[in-house]
**Q** 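Mind looking over this structure? Questions follow.
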Amino acid sequence: MIDVKKITGGYSSKPILESISFEVDKGELFGVIGPNGSGKSTLLKMISHILPFQKGEITIKGKSIRTYNAKEFARLVAVLPQTTTQTFSYTVRETVSLGRYAHQKGLFQSLTESDEAIIQDVMKQTGVDIYENETIDELSGGERQRVFLAQALAQDPEVLLLDEPTNHLDLAYQKELLDVLRSWTKEKDLTVISIFHDLNLAGLYCDRLLLLQDGKTEICDSPNKVIKKERIEEVYHASIEEYPHPKVAKPQMMLVPKTVNKDEKTQIDETLLRFTNEKITLEAKQSLRTMSSGVTGSGFGWNHLFVNRYVDKNYNVDDHKQEMEAYLKSHGFHPDDTVGMMTAVNLSQVAYQFIHEEGFSGLFVVTAGVGNAVDSTLGVSRVPGYIPGTINIWVFINGELSEEAYIQAVMTATEAKVKALQNFKVTDPESNTLATGTSTDSILIAATQAGAKLTYAGSATPLGQMIGKGVFKCTKQALMNYFNKEVKS
């Protein structure tokens with residue numbers, strides 16, 4: 001559809017762009033990204049036939065853009081610049097109607113029924129139909145931006161060129177606008193080239209991205225290949241982290257602000273633990289990066305409150321998450337900042353230990369019971385009526401963990417838990433085989449994200465060895481406390 005071949009040029013004898021080449025397919029949403037001054041707007045003006053280029057060629061539908069007359073080009077290509085001025089106080093409908101000019105014929109040009117239908121459709125698609133009779137100067141910047149987008153779409157173009165189309169829009173309208181563009185590329189084969197400053201929006205919506213740096217092509221490829229941590233940091237000179245989007249297979253960037261006294265965060269140790277018959281709590285002075293399977297605070301997050309709550313063995317509610325949140329609130333804990341777990345084990349049977357290694361340290365807290373012990377390898381259906389057990393494991397690390405280390409820490413801690421169960425020959429009563437845990441076990445891995453960088457936590461690494469030792473000793477002690485209590489009762 002569009003073929004840009006070795007384009008070189010700018011506003012003076014010194015080129016802003018040097019030998020830029022790429023192709024855009026019909027029905028593709030193609031994004032152009034890059035830092036300020038990289039040549040994004042210059043490139044768009046050249047494709048728009050607004051700015052001449054010194055070398056190279058641009059063709060649309062196999063024909064050089066130099067050979068199109070103004071009206072032919074307007075029927076084929078619509079342009080929405082970064083800033084649009086409106087000289088006259090037209091109504092919204094009148095402004096959008098101007099987009100049909102390129103399609104009108106004859107000396108006395110007037111709108112046809114087809115024109116009217118297109119105008120109404122694009123106003124509705126962009127959400128400006130409710131302002132139809134208002135004048136442009138009565139609208140906010142974001143509302144005007146949507147009106148001018150509707151005007152461009154009213155041209156019914158085959159190609160749409162956009163310079164930062166979401167610049168003046170709030171979050172909801174950014175999504176709506178890009179959803180509309182995305183649907184039009186698929187349903188109407190509209191070809192879109194758009195400049196983006198927001199890398200996350202570009203990554204979410206574009207089929208491919210062109211990354212410019214100093215007027216040259218850094219890379220042109222799919223978002224997953226373009227938006228890479230090392231590349232973006234080098235081009236934009238900013239510290240970032242790259243994460244996958246939780247709903248779609250697209251990369252997302254997060255800025256990392258400069259922190260002050262990062263290495264002086266409070267150490268997590270046993271002095272922060274508080275015990276009652278009802279709950280075990282730990283409150284950190286700063287938020288910790290957490291990965292957990294708790295009732296609240298599950299998954300990855302940042303939390304500074306940790307609660308292991310005792311519930312009666314007959315505890316049974318329809319929505320345990322909602323009930324847990326209500327419980328936390330009633331005790332002064334905010335669920336959004338709290339990893340909350342439940343156990344039917346008497347909390348006096350808890351075992352904990354602080355371990356210090358060279359360069360890093362860890363606090364381990366375990367409550368354990370085996371009334372509902374299971375062998376997870378068999379998948380045997382459970383018979384109701386078991387006394388709840390629940391092995392809850394807390395692992396706090398004074399150090400900076402990678403995502404790999406969090407996942408490996410869960411594996412290492414689980415292996416250590418199973419080893420402790422084997423020491424006591426705990427069995428699954430359904431299968432009479434060695435148990436691997438209980439049916440309601442929970443785990444927490446939390447780190448201060450300050451101090452020593454700990455990339456791995458497998459069983460052969462220093463961190464993994466500390467986790468294995470800490471979880472094994474505490475689980476073993478907690479089980480011993482549990483069995484002693486059972487014998488006495």
Side-chain angles (χ1 to χ4, degrees), residues 1-84 152 157-165 167 185 190-199 201-203 206-223 225-228 230-238:
M1 184 67 177
I2 302 173
D3 192 359
V4 177
K5 303 175 183 177
K6 297 184 177 180
I7 286 297
T8 297
Y11 298 93
S12 62
S13 58
K14 184 180 180 181
I16 293 175
L17 297 175
E18 293 186 29
S19 195
I20 302 295
S21 296
F22 60 90
E23 296 179 2
V24 182
D25 296 329
K26 187 177 182 65
E28 185 175 14
L29 179 46
F30 186 89
V32 182
I33 60 174
N36 290 336
S38 60
K40 301 185 299 296
S41 293
T42 301
L43 175 62
L44 203 70
K45 288 176 181 177
M46 289 179 179
I47 301 172
S48 304
H49 209 352
I50 295 172
L51 184 68
F53 40 89
Q54 297 166 2
K55 297 179 183 179
E57 185 61 274
I58 300 174
T59 63
I60 298 179
K61 299 184 72 173
K63 184 178 176 180
S64 171
I65 63 170
R66 304 175 198 257
T67 63
Y68 287 98
N69 65 41
K71 202 158 190 177
E72 286 176 334
F73 196 78
R75 282 196 290 265
L76 182 63
V77 179
V79 181
L80 181 65
Q82 189 175 131
T83 55
T84 307
E158 293 185 50
V159 176
L160 180 61
L161 305 177
L162 307 170
D163 193 347
E164 297 180 53
N167 197 32
T185 61
L190 177 67
T191 303
V192 178
I193 298 179
S194 179
I195 291 173
F196 287 91
H197 261 309
D198 189 322
L199 299 184
L201 287 177
C206 293
D207 298 299
R208 286 187 301 138
L209 295 174
L210 170 67
L211 173 59
L212 295 177
Q213 182 180 21
D214 298 327
K216 298 178 182 178
T217 299
E218 175 68 23
I219 185 174
C220 182
D221 214 318
S222 66
K225 293 182 180 178
V226 174
I227 301 179
K228 293 292 186 183
E230 295 79 10
R231 178 181 293 119
I232 299 301
E233 286 186 330
E234 181 180 346
V235 172
Y236 284 85
H237 306 292

**Q** Kindly state each residue pair satisfying salt bridge (charged side-chain N to carboxylate O under 4.0 Å, His left out) with at least one member in residues 16-30, sequence neighbours excluded.
**A**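 Sorted result for residues 16-30: K26-E158, E28-R208.
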**Q** Could you walk me through whether D221 and L209 satisfy the side-chain contact (heavy atoms from CB on, under 4.5 Å) test, starting with their C-alpha distance in whole Å, then the side-chain angles of each, then the deciding distance to 0.1 Å, before giving a yes or no?
**A** CA-CA 6 Å; D221 214 318; L209 295 174; over 6 Å; no
**Q** At their closest point, which heavy atom of P223 faces which heavy atom of C206, and how far apart are they?
**A** CG-O, 3.3 Å
**Q** If you compare all heavy atoms of L199 against all heavy atoms of Y236, which two are closest, and at what distance to 0.1 Å?
**A** CD2-OH, 3.4 Å
**Q** Return yes if some donor-acceptor pair links the side-chain N/O of K5 with the main-chain N/O of I58 below 3.5 Å, else return no.
**A** no
**Q** Test side-chain contact (heavy atoms from CB on, under 4.5 Å) on L210 and I33 and set out the steps.
**A** CA-CA 6 Å; L210 170 67; I33 60 174; over 6 Å; no
**Q** Can you give the donor-acceptor pairs under 3.5 Å from side chains of residues 212-220 to other protein atoms, not counting sequence neighbours?
**A**
none

**Q** When you check the side-chain N and O atoms of Y68 and K61, is any donor under 3.5 Å from an acceptor?
**A** no
**Q** Does T42 reach the main-chain N or O of G10 with its side chain, forming a donor-acceptor pair under 3.5 Å?
**A** no
**Q** Within this structure, what is the OG-CG distance for the pair S194 and D163, rounded to the nearest 0.5 Å?
**A** 8.0 Å
**Q** Is there a donor-acceptor contact under 3.5 Å from the side chain of E234 to the main chain of R231?
**A**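 Side chain of E234 to backbone of R231, a donor-acceptor pair under 3.5 Å: no, none is there.
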**Q** Tell me, please, which residues at least two apart from D207 pass side-chain hydrogen bond (donor to acceptor under 3.5 Å, both in side chains).
**A** R182
**Q** Are side-chain N/O atoms of D3 and T59 paired as donor and acceptor at under 3.5 Å?
**A**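 The criterion, which ignores hydrogens and geometry beyond distance, is not satisfied for T59 and D3.
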**Q** Mind running side-chain contact (heavy atoms from CB on, under 4.5 Å) on V192 and V24 for me, showing each step along the way?
**A** CA-CA 9 Å; V192 178; V24 182; over 6 Å; no
**Q** Which residues pass the side-chain contact (heavy atoms from CB on, under 4.5 Å) test with A78, sequence neighbours left out?
**A** A152, Q155, P157, L160
**Q** K225: what forms a salt bridge (charged side-chain N to carboxylate O under 4.0 Å, His left out) with it, not counting sequence neighbours?
**A**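 If we apply the salt bridge (charged side-chain N to carboxylate O under 4.0 Å, His left out) test to K225, skipping adjacent residues, there are no hits.
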**Q** How long is the span from the NZ atom in K71 to the CG atom in L76, to the nearest 0.5 Å?
**A**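 Reported to 0.5 Å precision, the distance equals 15.0 Å.
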**Q** How many angstroms lie between atom CD1 of I47 and atom CD1 of I60, to the nearest 0.5 angstrom?
**A** 8.0 Å
**Q** Show every donor-acceptor pair shorter than 3.5 Å between a side-chain atom in residues 48-57 and any protein atom, with sequence neighbours excluded, or say none if there are none.
**A**
residue: S48; atom: OG; partner: L44; partner atom: O; Å: 2.6
residue: H49; atom: NE2; partner: I65; partner atom: O; Å: 2.8
residue: Q54; atom: NE2; partner: S12; partner atom: O; Å: 3.0
residue: E57; atom: OE1; partner: S64; partner atom: OG; Å: 3.0
residue: E57; atom: OE2; partner: S64; partner atom: OG; Å: 3.4

**Q** Nearest heavy-atom pair of I232 and I227: which atoms, and what distance?
**A** CG1-CA, 4.2 Å
**Q** For a side-chain contact (heavy atoms from CB on, under 4.5 Å) check, start with the C-alpha distance between L162 and I195, then their side-chain angles and the critical distance, and finish with the verdict.
**A** CA-CA 6 Å; L162 307 170; I195 291 173; over 6 Å; no
**Q** Can you name the nearest heavy-atom pair linking T8 to P15, along with the distance?
**A** CG2-CB, 3.7 Å
